[in-house]
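Below: one structure, written as structure tokens.
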Number of protein chains: 2
Amino acid sequence: MVTSPPTNVDRTLAALADPTRRGVVDLLRKQPHRAGELAAAFDMSPPAMSRHLRVLRKSGLVEEDGLEEDARVRVYRLRPEPFAALREWLDEVEAYWEDQLGAFKAHAEKTRKGKRP
Amino acid sequence: MVTSPPTNVDRTLAALADPTRRGVVDLLRKQPHRAGELAAAFDMSPPAMSRHLRVLRKSGLVEEDGLEEDARVRVYRLRPEPFAALREWLDEVEAYWEDQLGAFKAHAEKTRKGKRP
DNA sequence: ACAGTGGTTAACATAGTCGTTAACTATTTC
DNA sequence: GAAATAGTTAACGACTATGTTAACCACTGT
């Protein structure tokens, strides 16, 4: 059995699964944005965006940067760590790619039955 | 406004968001597996796993490889394309990283108010 | 033929996700 | 201090996702 608990990468992927949140990341990668700007950008009510931002915050993908002139506004920007972790996972998957192909060939060889016309 | 339709990467991320499916990928990256093996590996009923596999199939992350000796069994293996696409997206995000840091600095510079004690 | 096996589809229950509006907090501005 | 502004939390409804069991299809083996 496998039954592993959800990992950090799992949380990252879950956070990125929603198209709105994916879009938010795509906006934030260009520059930090205010919460209100993000809500407007996706034609969405502020509360809805606020909850998306909470998900992104909890997954570590974004953070508020303080130091705002107006203490009411919250500016969000990306954090690099989760992306790096995701990339590492991707690397692991692709690392086995060669083996995977080899295994496939071996498997095909072993179980072939001559079904081709 | 942004309002983009769900892209391929969106579908890939949605498929990978579920921990079970993430686990399936982690198993399949080592070697192809039969549907039943996967169900057993996650202590899950065959129908449940079957639907996860359908999601993974539709997103292009896995495929059945034919050529089975016993035509009842379905062996699943990974497909590389979606992973490559996901990596490309990651590259894009991280490509802006430098600019992002620069923009942050500029932003902080511009809006600083001397709030520090 | 017929019983058994591998897997998927169908029908259903439950739980989570995502949106809205209303109410609230904190800050700025007049 | 009162009104306006930025954002979040609360309460709710609609929809989707994920698991289960039962029924089904396709193939294998005697």
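We name chains A, B, ... by the order of the sequence lines, and we start the count at 1 in each one.
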| field | Inter-axis angle, terminal five-pair segments of the helix from C:dA1-D:dT30 to C:dC30-D:dG1 [nearest 10°] | value |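 Its terminal axes enclose an angle near 20°.
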| task | Establish, with yes or no, whether the OP1 or OP2 oxygen of C:dG19 is under 4.0 angstrom from a side-chain nitrogen or oxygen of A:His52. | result |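 So the side-chain polar atoms of A:His52 do come within 4.0 Å of the phosphate oxygens OP1 or OP2 of C:dG19, strictly under.
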| message | Could you measure the distance from the CG atom of B:Leu13 to the CZ atom of A:Arg21? Nearest 0.5 Å is fine. | response |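 B:Leu13 atom CG to A:Arg21 atom CZ measures 11.0 Å (nearest 0.5 Å).
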| message | With rounding to the nearest 0.5 angstrom, report the NE2 to CG distance, A:His33 to A:Leu78. | response |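 So the NE2 of A:His33 and the CG of A:Leu78 are separated by 9.5 Å.
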In whole Å, I'd like the distance from the [atom1] atom of [X] to the [atom2] atom of [N].
{"X": "A:Leu38", "N": "C:dC18", "atom1": "CG", "atom2": "P", "value": "16 Å"}
{"X": "A:Asp18", "N": "D:dC15", "atom1": "CG", "atom2": "P", "value": "17 Å"}
{"X": "B:Glu69", "N": "C:dG6", "atom1": "CD", "atom2": "P", "value": "14 Å"}
{"X": "B:Asp10", "N": "D:dT16", "atom1": "CG", "atom2": "P", "value": "17 Å"}
{"X": "A:Arg22", "N": "C:dT17", "atom1": "CZ", "atom2": "C1'", "value": "19 Å"}
{"X": "B:Leu56", "N": "D:dA17", "atom1": "CG", "atom2": "P", "value": "14 Å"}
{"X": "B:Glu68", "N": "C:dT5", "atom1": "CD", "atom2": "C1'", "value": "15 Å"}
{"X": "A:Lys58", "N": "C:dT17", "atom1": "NZ", "atom2": "C1'", "value": "14 Å"}

| note | With B for base contact, S for sugar-phosphate-only contact and - for none (protein heavy atoms under 4.0 Å), nucleotides 6-14 of chain D reads SSBB-B---
| said: Could you tell me if A:Tyr76 and A:Arg34 have a donor-acceptor pair between their side chains, going purely by distance under 3.5 Å? | reply: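 Their side chains do not contain a donor-acceptor pair, so the 3.5 Å distance test is not met.
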Would you call [X]-[Y] a salt bridge at under 4.0 Å N-O?
{"X": "B:Arg87", "Y": "A:Glu94", "result": "yes"}
{"X": "A:Arg57", "Y": "A:Glu63", "result": "no"}
{"X": "A:Arg22", "Y": "A:Asp26", "result": "yes"}

| Given D:dT21, C:dC18, D:dC27, which nucleotide is nearest the side-chain atoms of B:Ser45? |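 In terms of side-chain proximity for B:Ser45, the closest of D:dT21, C:dC18, D:dC27 is D:dT21.
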| said: Among residues at least two apart in sequence or on other chains, which ones pass salt bridge (charged side-chain N to carboxylate O under 4.0 Å, His left out) with A:Arg74? | reply: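 So A:Arg74 forms a salt bridge (charged side-chain N to carboxylate O under 4.0 Å, His left out) with A:Glu64.
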| message | Determine whether a donor-acceptor pair (N or O, by modelled atom type, separation under 3.5 Å) exists between the side chain of B:Ser50 and the backbone of B:Pro46. | response |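 Such a contact is absent between B:Ser50 side chain and B:Pro46 backbone.
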| request: Using modelled atom types only, decide if a donor and an acceptor are shared between the side chain of B:Arg79 and the backbone of B:Gly60 within a distance under 3.5 Å. | output: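 Side chain of B:Arg79 to backbone of B:Gly60: a pair is present.
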